[in-house]
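See structure below.
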Amino acid sequence: MLPVKALITGSGGLIGSACVEFLCSEGWSVVGVDNDTRSQLFGPGGSTAKTVVTLVDRHSSYKHVSLDVRDRQGVRDLFEVERPQFVIHTAAQPSHDLAASVPYTDFDINAVGTLNLLVATRDFCRDSPFCFTSTNKVYGDRPNFIPIHELDKRFDYADGREGIDEKLSIDSCLHSLFGASKVAADVLCQEFGRYFQMPVGVFRGGCLTGAHHAAVQLHGYLNYIVRCAVTGQPYTIFGFKGKQVRDQIHARDVASLFLHFYREPRPGEVYNLGGGRSNSISILETIDALAVRGLKLDYTYQDENRVGDHICYISDLSKLRAHYPNWRMEYTLDRILDEIVGALGASKATA
Ligand SMILES: NC(=O)c1ccc[n+]([C@@H]2O[C@H](COP(=O)([O-])OP(=O)(O)OC[C@H]3O[C@@H](n4cnc5c(N)ncnc54)[C@H](O)[C@@H]3O)[C@@H](O)[C@H]2O)c1
């Protein structure tokens, strides 16, 4: 039997590369699309070029295409030739904070790039399941309207809720330009699911993480804070007393979920995707968890928070688990932290 073919955009990035690794290990052939736009957005420290080299070296079933998702005709030509059975779209300008200084670039990549992929999928492989990595920033700062209470090291929801589900409105709140461009892409994906009855799934990520994140100050919380602790680089906490909470999910668990969606796709469905309550952690708790691992973080506190930043965000995974009961999250918070600490410690030792 011929291997099944997936096309993955952003294949050098955290989620894209995890999806390549996962699908190749499952016997798929994969076409990866990434032109290292990340190094233009974040500078050389944000480049994902090395990851692409590793993927090409490691997997004979991986083919790399250095194409910009903004290149509409290039995307159409690629889809016409490849006609993949599965599309995972992760290429993005991923930073909330950076978007305001590059508004055209942000919208062109996130919204228009997504439209290019959706139309090419519709025209050349319309029955192929399509996973879109949206973001919890589509809810803007609305999660901050939920009453919270303050604990010793974190905030939590005062009404006892497990987390935030998909019923939260995405309307009438502060999104950041990044949130707005992702809303456009998110709604486009839903529309291709509903209007054209295509198997498109929208996954609104919280903190997606892993050792391979090319994290920078403005994007990639957990990996960046661990890197600061490992290298002795100073870290700045922006507001909320360091008690802001995020739930963390490992990139490999995201990749395995997408395969579940491929097998049982639901047109236009939206899911919140994160580590859930058991994988949630605040900055102060992260500092403690690093200390337990022998790492001392050199940090300062700045009272002003990042614009539109969430005070407490924990994904409610009920819908996801109900639709995909056989999907299991394999990475606990401790396992994620151990992996990142190990990988960054090892790379420091060889530097
Ligand atoms: N990592 C997170 O915490 C997180 C949270 C929520 C949502 N998401 C979403 O998940 C997706 C993947 O995130 P990530 O952390 O893997 O990002 P990443 O920055 O690690 O990877 C994105 C990749 O896309 C590539 N890329 C960017 N623009 C491109 C373009 N125009 N053409 C071709 N390639 C391009 C980059 O070079 C990079 O390798 C994004 O859509 C992001 O918005 C991520």
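Values below: every heavy atom of this structure, side chains too, minus hydrogens, waters and symmetry copies. Remember, it's 1-based here, ligands and their atoms both numbered in the order they're listed.
Tyr271 has its ring centre less than 6.0 Å from the ring centre of His323.
Of the inter-residue distances, the one linking Thr105 atom OG1 with Gln40 atom CD reads 9.0 Å to the nearest 0.5 angstrom.
Contact residues of ligand 1 (protein heavy atom closer than 4.0 angstrom to a ligand atom; sorted by chain and number): Gly10, Gly12, Gly13, Leu14, Ile15, Asp34, Asn35, Asp36, Thr37, Arg38, Thr48, Leu67, Asp68, Val69, Arg70, Thr90, Ala91, Ala92, Pro94, Ile109, Thr133, Ser134, Thr135, Phe178, Lys182, Gly205, Gly206, Cys207, Leu208, His213, His219.
Identified under the ring pair (Phe, Tyr, Trp, His ring centres under 6.0 Å) test for residues 103-128, with sequence neighbours left out: none. The side chain to side chain donor-acceptor pair (under 3.5 Å) analysis of residues 253-264, with sequence neighbours excluded, yields the pairs Ser256-Trp327.
Listed by chain and residue number, Lys241, Lys243 satisfy the salt bridge (Lys or Arg N to Asp or Glu O under 4.0 Å) test with Glu150 (two or more places apart in sequence, or in another chain).
In His212, the NE2 atom is not crowded: 12 or fewer heavy atoms of neighbouring residues, nucleotides or ligands sit closer than 6.0 Å.
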